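So you know, we letter chains A, B, ... as the sequences are listed, proteins then strands, and number each from 1. Note that the structure is a prediction, hence the values are computed from the model and not measured.
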Amino acid sequence: MIALLDCNNFYVSCERVFNPSLRGKPVIVLSNNDGCAIARSDEAKELGIKMATPVFMIVDLIKKHNVQVFSSNYELYGDMSDRVMRIIKSFVQVVEVYSIDEIFLDLSNIKYQSIEQLAIDLRQSVQQQTGIPVTVGVAPTKTLAKMANRFAKKFKKKIGVHYAATKEAINEMLTVTEVGDIWGIGHQYEKLLLLHNIKTAFDFVNTNEEWIRKNMSVVGHRMVKEMKGIPCIKWEQTPPPRKAICTSRSFGNLLTKKHQIEEAVAAFTASCAQKLRKENTVANTLQVFVQTNPFRHEDKQYFASQDLHLRVPSNNTKELLSYAMRGLNNIFQNGFNYHKAGILLTDIVPSKFIQLSIFDKPESSQQKNLMKTIDKVNRNFGRDTVRFGSQGFDKQWHLRRQYLSKAFTTNPNEFLTIKI
DNA sequence: TCTGGGGTCCTAGGACCC
DNA sequence: TCTGGGGTCCTAGGACCC
């Protein structure tokens, strides 16, 4: 049996832990740049606020119902996530952390009074020790566990646990699950399936597998098998090494000048390089891209990117910066309102595999130590304490984060003070 | 005024090779 | 007039996830 445990309305729940007056009120948390609502409390969902709705489209609703609004506070959410995961791991050893707010548990060798009791105890412990409400779904495969979780949220709100092991229980679940709510079915596939009168997960499972293979590739076929109780999705206890690392942002304001974009791209490069060093990997290819805002129909549009192959794979910020700046110089054109830029690193390999040609000098130990030191200072004293000149200081590209709560758990200056 | 960011996997089609 | 076949590798684009 596999369990999927996930935190309810995670970002909103984190805000509520440190601000109990938010309980019972509609609350939303916004994406970067305060652009869209990406987490909603139940009350906000009831008002009809959909996932990823742009804020400017719901300003009236927010005012009218006094919806509480927060910018994303990833420092806080990341730390709260660690706490939740630690508690789960103290109960179950074979786990796969799937996202910031979800974790799969392998219950096949678990010794406990009963699986249902375990689920109930997990839920209670997390609630008690972190204040975060969670839901648990248990079933024979990952896809079914996801479905059981959704089922619990919809029909078993009170206990927050659903256990679907028997054929009858699984069939009941399949029958009430809409096809668009299946894990792996997005907008396009939902449209296709509805067009063919396939409305529920039950319909889907009973569709001709040939047809599914042809119209939805092996991905669709795998989903069906999973729903028939045959596990097809790998268990990944330790996350596989990443194949790509990307840092990109929309700017807080539209930018027109090259030096402004250079600063942003330099900062993105530094961030990518740091991620590489953290994982002890190096990149062979760097892509830099810039684009205008596709929603501004009145603006001339421009999208451009360039791939640069590094002579020697690297994770050195200075080295990567020289490529990034060269690429940007090649694609930048005057006369556009730039809205977003980014750096994408690919062909990533472990740093110990660096292959030098006979003319290349290995990175000096001096450079290595410099990077190590920069990472350490920035870890201890906050991001960007030490940076390269090209990252600049005025940050014209800065994000909007108008409604940011505090780093309640990670910054000593922002700990909550309580009067007793 | 205002529409996120960071990933994965799969497939089709072109380039290239023998 | 007649113009192969089979394989690999790479890339772009599309689908999905949280």
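No side-chain donor from either of A:Thr281 and A:Lys275 sits under 3.5 Å from a side-chain acceptor of the other. A:Thr135 and A:Asn8 are linked by a side-chain donor-acceptor pair at a separation below 3.5 angstrom, with hydrogens and angles left out of the test. Checking A:Asn73 against A:Ser405 by side-chain atom types alone, a donor-acceptor pair falls below 3.5 Å. In this structure, a donor-acceptor pair under 3.5 Å is absent between the side chains of A:Ser314 and A:Glu319. Side-chain atoms of A:Asn9 and A:Asp42 include a donor-acceptor pair closer than 3.5 Å. Residues A:Lys406 and A:Asn413 bring no donor and acceptor atom of their side chains to less than 3.5 Å of each other. A donor-acceptor contact closer than 3.5 angstrom is absent between the side chains of A:Gln291 and A:His339. Counting only N and O atoms by type, the side chains of A:Glu15 and A:Tyr77 include a donor and acceptor under 3.5 Å apart.
Of the two residues contacting DNA chain B, namely A:Leu344 and A:Met51, the nearest-nucleotide position lying further toward the 5' end is that of A:Met51. Each of A:Gly35 and A:Lys275 lies near DNA chain B, and the nucleotide nearest A:Gly35 is the one positioned closer to the 5' end.
In this view, A:Phe408 and A:Phe18 satisfy the ring-ring contact (aromatic ring centres under 6.0 Å, His included) rule, not counting sequence neighbours. Listed by chain and residue number, nothing satisfies the ring-ring contact (aromatic ring centres under 6.0 Å, His included) test with A:Phe289 (two or more places apart in sequence, or in another chain). Under the ring-ring contact (aromatic ring centres under 6.0 Å, His included) criterion, A:Phe303 pairs with no residue, sequence neighbours left out. Partners of A:Tyr403 according to the ring-ring contact (aromatic ring centres under 6.0 Å, His included) rule, which considers only residues two or more places apart in sequence or in another chain, do not exist here.
The outermost nucleotides of DNA chain B lying under 4.0 Å from heavy atoms of chain A, listed 5' to 3', are B:dC2 to B:dT11.
Among the atoms of the strands shown, none is found under 4.0 Å from any heavy atom of A:Asp34. Among the heavy atoms of the strands lying under 4.0 Å from A:Ile245 are primed sugar atoms or P, OP1, OP2 only; no base atom is included. Residue A:Thr247 is in sugar-phosphate contact alone, with no base atom involved, counting any heavy-atom pair closer than 4.0 Å across all strands shown.
Each end of the helix from B:dG5-C:dC18 to B:dC18-C:dG5 gets its own axis, taken as the rotation carrying the C1' atoms of four end pairs onto the next four within a five-pair window, and the two axes meet at 10° to the nearest 10 degrees.
Non-hydrogen atoms lying under 4.0 Å from DNA chain C are contributed by nothing in residues 211-242 of chain A. Listed by residue number, there are no residues of residues 56-93 of chain A with a heavy-atom contact under 4.0 Å to DNA chain C. Of the residues in residues 315-323 of chain A, not one comes within less than 4.0 Å of DNA chain B through any heavy atom. Near-neighbour residues of DNA chain C inside residues 184-197 of chain A, defined by a heavy atom below 4.0 Å, number-ordered: A:Gly184, A:Ile185, A:Gly186, A:His187, A:Gln188, A:Tyr189.
Atom C1' of C:dC17 sits at a distance of 15 Å from the matching atom of B:dG4, rounded to the whole Å.
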Q.
Pair A:Asp6, A:Asn149 - check side chain to side chain contact (heavy atoms under 4.5 Å, CB included), show working.
A. CA-CA 8 Å; A:Asp6 87 342; A:Asn149 189 292; 3.4 Å; yes
Q: Evaluate the ring pair (Phe, Tyr, Trp, His ring centres under 6.0 Å) criterion for residues A:Tyr338 and A:Phe332: first the C-alpha distance (whole Å), next the side-chain angles of each, then the deciding distance (0.1 Å), finally the verdict.
A: CA-CA 10 Å; A:Tyr338 289 96; A:Phe332 180 85; 5.2 Å; yes
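Screening A:Gln274, A:Gln367, A:Arg277 against A:Thr317 for a side chain to side chain contact (heavy atoms under 4.5 Å, CB included) leaves a single residue, A:Arg277.
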For residues 173-195 of chain A, please give each side-chain donor-acceptor pair under 3.5 Å, one per line with the distance, not counting sequence neighbours.
| residue | atom | partner | partner atom | Å |
| --- | --- | --- | --- | --- |
| A:Thr175 | OG1 | A:Asn171 | O | 2.6 |
| A:Thr177 | OG1 | A:Met173 | O | 2.7 |

Donor-acceptor contacts, no H, no angles, side chain residues 341-350 of chain A, under 3.5 Å, sequence neighbours left out:
| residue | atom | partner | partner atom | Å |
| --- | --- | --- | --- | --- |
| A:Asp347 | OD2 | A:Thr285 | OG1 | 2.6 |

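Figure legend: A:Lys318 and A:Phe388 shown without cation-pi pairing, the cationic atom not lying both under 6.0 angstrom from the six-membered ring centre and within 45 degrees of its axis.
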